Amino acid sequence: MAAASTTTGAGDNNADLPPPPSSASDKTGFLKTCFNGVNALSGIGLLSIPYALSQGGWSSLAVFLAIAVICCYTGILLQRCMDASALVTTYPDIGALAFGRRGRLAVAAFMYLELYLVAVDFLILEGDNLHKLFPGAGFRLGGLRVGAKQGFVLAATLAVLPTTWFSSLGVLAYAAAGGALASVVLIAAVMWVAVFDGVGFHERGRLVHWAGMPSAVSLYSFCFSGHAVFPMIYNGMKDRKRFPMVLFICFVVSTLSYGFMGVIGYLMYGDALMSQVTLNLPPGKVSSKVAIYTTLVNPLTKYALVVAPIAEAVEAALGVRKSRLLCVLVRTALVVGTAVVALAVPFFADVVALTGALLSCTATMLLPSLCYLRVRAKLGYKKPWLETAACVVIAAVGTAIVVLGTYSSVKQIVQRLK
């Protein structure tokens, strides 16, 4: 899942999203919309995709492609739900249109929890990669020994904390828009390590690894979780009829970039791949440092965007939106909470897999299919049997991934904590 994909789309009311552009001059053209879509799907999943491939084996690429196709199709289902009512502008609105207030709350709950875990993933990622650069940077705090990785998680927390105190996130939004460029730089740096720094493509890998398949599928699901932002992108288009083509282009570009990174990473390191491919890169090489520093910058710029919708919802629920001090305290508490979870469960791949299985899969497969079937039934639309069958199959596949992937991820986390 891309972080950018969730930052603007989460919320249980329209206040959590920027309102649709008010005039034609404010709306985006085809190319800019495609860029926004690619940026929505680009994120930290690029780091874990080689590890996902090593968990499932080469045959899991077929599952990867199937998930990409499914998520593209369910994006179109969300568009159809929005076309059913002019009042629908956000993903929670779609839930409300389909299932009333409970639908809105369910969609919002899944989105907020996904945002929270993505923020946790950011801090774990920062700690892992800074530890890769400076492995001996531990220190003592009074009588307590703080390891290098834990220290860097705390440092990253302190770095992002002030950015969450501002209600206007315009500057950070522009910084986060560089996610697509950062993805290109990351792929190029890893490729450079393989071709010019002596690593090569010598690993053959395995055809299939059934034991790791649930983790692989969960991580694949995380990569394509951009549905929270799709309503905003759709509302902002000059020509909404071209939205299916936008989705097609965005998913093709994202699938190729994710697939390319997964394949070269697996050929480089095989079953020795770590949770983030940057952790496998040879230390001391300039290309390795470029890859790691590129990896480090993105979470720092996107963290506030991820936390903001959660903070706004909490502030609204507590009725403290008009108190600057109380808003700062709420946001500080949220940041501290993510740091505590990151320190308690510092397992990047497992937390990402849990996010992908339980939350991303629900948002990209289950909810779009169920909401569309419900909206179609309420409005009395014709019911082509093939479309109904596709939605039912997608919902069944999504349920299977949620159950098996969540069980596998939780099991892995519990085993690591022992």
Side-chain angles (χ1 to χ4, degrees), residues 2 42-65 121-122 124-137 148-149 152 178-209 211-213 215-216 219-220 222-223 253-299 346-353:
S42 301
I44 58 178
L46 200 63
L47 298 173
S48 60
I49 198 73
Y51 175 77
L53 185 53
S54 73
Q55 289 295 292
W58 290 114
S59 61
S60 69
L61 283 174
V63 180
F64 168 74
L65 292 174
D121 293 330
F122 281 165
I124 298 174
L125 182 150
E126 293 289 318
D128 287 346
N129 283 277
L130 284 169
H131 180 248
K132 169 78 174 181
L133 291 173
F134 311 103
K149 188 179 296 186
F152 286 128
L181 176 61
S183 298
V184 174
V185 173
L186 176 61
I187 294 173
V190 173
M191 191 69 181
W192 185 281
V193 170
V195 176
F196 298 107
D197 289 341
V199 174
F201 304 104
H202 306 300
E203 297 293 333
R204 300 184 62 181
R206 291 180 282 186
L207 178 61
V208 63
H209 182 216
M213 193 65 74
S215 295
L219 292 168
Y220 292 153
F222 181 84
C223 293
V253 172
S254 299
T255 301
L256 289 176
S257 61
Y258 279 128
F260 183 72
M261 176 65 102
V263 168
I264 64 173
Y266 197 28
L267 289 174
M268 288 168 66
Y269 298 109
D271 293 331
L273 274 161
M274 302 176 73
S275 62
Q276 304 155 56
V277 67
T278 49
L279 302 181
N280 287 95
L281 301 180
K285 299 290 185 179
V286 174
S287 53
S288 299
K289 292 182 179 179
V290 169
I292 294 175
Y293 283 123
T294 301
T295 299
L296 291 173
V297 169
N298 262 333
F347 315 122
F348 181 81
D350 296 326
V351 175
V352 171

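This structure is a prediction, so every number in the text was calculated from the model and none was measured.
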Chemist: Mark yes or no for whether His209, through its side chain, and Gln55, through its backbone, hold a donor-acceptor pair below 3.5 Å.
Modeler: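 It does hold such a pair.
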Chemist: Mind checking whether Tyr266 and Ser54 have side chains closer than 4.5 Å, heavy atoms only?
Modeler: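 Yes; the side chains approach each other to less than 4.5 Å.
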Chemist: Show the nearest heavy-atom pair for residues Leu219 and Ala353, with the distance to one decimal.
Modeler: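 For Leu219 and Ala353, the tightest heavy-atom pair comes out as CD2-N, 3.7 Å.
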Chemist: Between atom CZ of Phe348 and atom CG of Leu125, what is the distance when rounded to the nearest 0.5 Å?
Modeler: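 Phe348 CZ to Leu125 CG: 5.0 Å, rounded to 0.5 Å.
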Chemist: Give a yes or no answer on whether the side chain of Ser288 reaches the backbone of Pro282 with a donor-acceptor pair at less than 3.5 Å.
Modeler: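 Confirmed, Ser288 side chain pairs with Pro282 backbone.
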Chemist: Does any donor atom in the side chain of Ser60 or Tyr220 lie under 3.5 Å from an acceptor atom in the other side chain?
Modeler: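 Indeed, the side chains of Ser60 and Tyr220 share at least one donor-acceptor pair under 3.5 Å.
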Chemist: Any pair with a residue in residues 258-268 that passes salt bridge (Lys or Arg N to Asp or Glu O under 4.0 Å), sequence neighbours left out, goes on the list, sorted by first then second residue, please.
Modeler: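 Those involving residues 258-268 do not exist here.
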Chemist: Nearest heavy-atom pair of Ala189 and Val290: which atoms, and what distance?
Modeler: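 Minimum heavy-atom separation between Ala189 and Val290: CB-CG1, 4.2 Å.
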Chemist: Just verifying a value: how many Å separate Lys285 NZ and Ile292 CD1, rounded to the nearest 0.5 Å?
Modeler: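 Going from NZ on Lys285 over to CD1 on Ile292, the span is 13.5 Å.
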Chemist: I'd like to know if the side chain of Ser48 reaches the main chain of Ser275, judged simply by a donor and an acceptor atom lying under 3.5 Å from each other, with no hydrogens or angles considered.
Modeler: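 No, because the side chain of Ser48 does not come within donor-acceptor range (under 3.5 Å) of the backbone of Ser275.
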Chemist: Would you check if Val208 and Met213 make a side-chain contact, meaning some heavy-atom pair closer than 4.5 Å?
Modeler: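 With C-beta onward as the side chain, the pair touches.
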Chemist: Which residue pairs pass the salt bridge (Lys or Arg N to Asp or Glu O under 4.0 Å) test when at least one of the two sits in residues 264-275, sequence neighbours left out?
Modeler: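 Non-adjacent pairs meeting salt bridge (Lys or Arg N to Asp or Glu O under 4.0 Å): Arg206-Asp271.
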Chemist: Does the side chain of Leu186 reach to within under 4.5 Å of the side chain of Met261, using non-hydrogen atoms?
Modeler: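 Yes - at least one pair of side-chain heavy atoms lies under 4.5 Å apart.
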Chemist: List the atom of Pro283, the atom of Lys132, and the distance in Å for their closest heavy-atom pair.
Modeler: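 That would be CD-NZ, 4.3 Å.
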Chemist: According to side-chain contact (heavy atoms from CB on, under 4.5 Å), who are the partners of Met274, at least two apart in sequence or on a separate chain?
Modeler: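 With sequence neighbours excluded, Met274 shows a side-chain contact (heavy atoms from CB on, under 4.5 Å) to Leu279, Asn280, given in chain and number order.
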Chemist: To the nearest 0.5 Å, tell me how far Thr255 OG1 sits from Phe260 CZ.
Modeler: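 Going from the OG1 atom of Thr255 to the CZ atom of Phe260 covers 15.0 Å.
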Chemist: Hey, could you give me the CZ/CG distance between Phe152 and Leu296, rounded to the nearest 0.5 Å?
Modeler: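 Separation between the atoms: 9.5 Å.
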Chemist: Run the side chain to side chain contact (heavy atoms under 4.5 Å, CB included) test on Leu61 and Leu65 for me, step by step, so that the C-alpha distance in whole Å, both residues' side-chain angles and the decisive distance to 0.1 Å come before the verdict.
Modeler: CA-CA 6 Å; Leu61 283 174; Leu65 292 174; 5.6 Å; no
Chemist: Just verifying a value: how many Å separate Leu46 CG and Thr295 OG1, rounded to the nearest 0.5 Å?
Modeler: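 The OG1 atom of Thr295 is 8.5 Å from CG of Leu46, to the nearest 0.5 Å.
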Chemist: I need the minimum non-hydrogen distance between Ala182 and Thr294, along with the two atoms involved.
Modeler: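 For Ala182 versus Thr294, the nearest heavy atoms are O-CG2, 3.4 Å.
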Chemist: In a check of side-chain contact (heavy atoms from CB on, under 4.5 Å) between Met268 and each of Leu273, Val277, Val190, which one passes?
Modeler: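 Running side-chain contact (heavy atoms from CB on, under 4.5 Å) over Leu273, Val277, Val190 with Met268 returns exactly one hit, Val190.
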Chemist: Does any part of the side chain of Trp58, heavy atoms only, come nearer than 4.5 Å to the side chain of Val263, both counted from C-beta?
Modeler: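 Contact flag for Val263/Trp58 side chains = yes.
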Chemist: Kindly state each residue pair satisfying side chain to side chain donor-acceptor pair (under 3.5 Å) with at least one member in residues 191-204, sequence neighbours excluded.
Modeler: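 Those involving residues 191-204 are Asp197-Ser287.
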Chemist: So which pairs with a foot in residues 276-297 pass ring-ring contact (aromatic ring centres under 6.0 Å, His included), sequence neighbours left out?
Modeler: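 Every pair satisfying ring-ring contact (aromatic ring centres under 6.0 Å, His included) with a residue in residues 276-297: there are none.
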Chemist: Go through the side-chain N and O atoms of Thr278 and Asn129 and say whether any donor and acceptor fall under 3.5 Å apart.
Modeler: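 Looking only at side-chain atoms, Asn129 and Thr278 do form a donor-acceptor pair, the distance falling under 3.5 Å.
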Chemist: Mind checking whether Ile49 and Phe64 have side chains closer than 4.5 Å, heavy atoms only?
Modeler: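 Result yes, sub-4.5 Å side-chain heavy-atom pair found.
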Chemist: Rounded to the nearest 0.5 Å, what's the gap from CG on Asp121 to CD on Glu126? Could you check?
Modeler: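 Asp121 atom CG to Glu126 atom CD measures 12.0 Å (nearest 0.5 Å).
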Chemist: If the condition is side-chain contact (heavy atoms from CB on, under 4.5 Å), which residues does Val195 pass it with, not counting sequence neighbours?
Modeler: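 So Val195 forms a side-chain contact (heavy atoms from CB on, under 4.5 Å) with Met191, Phe201.
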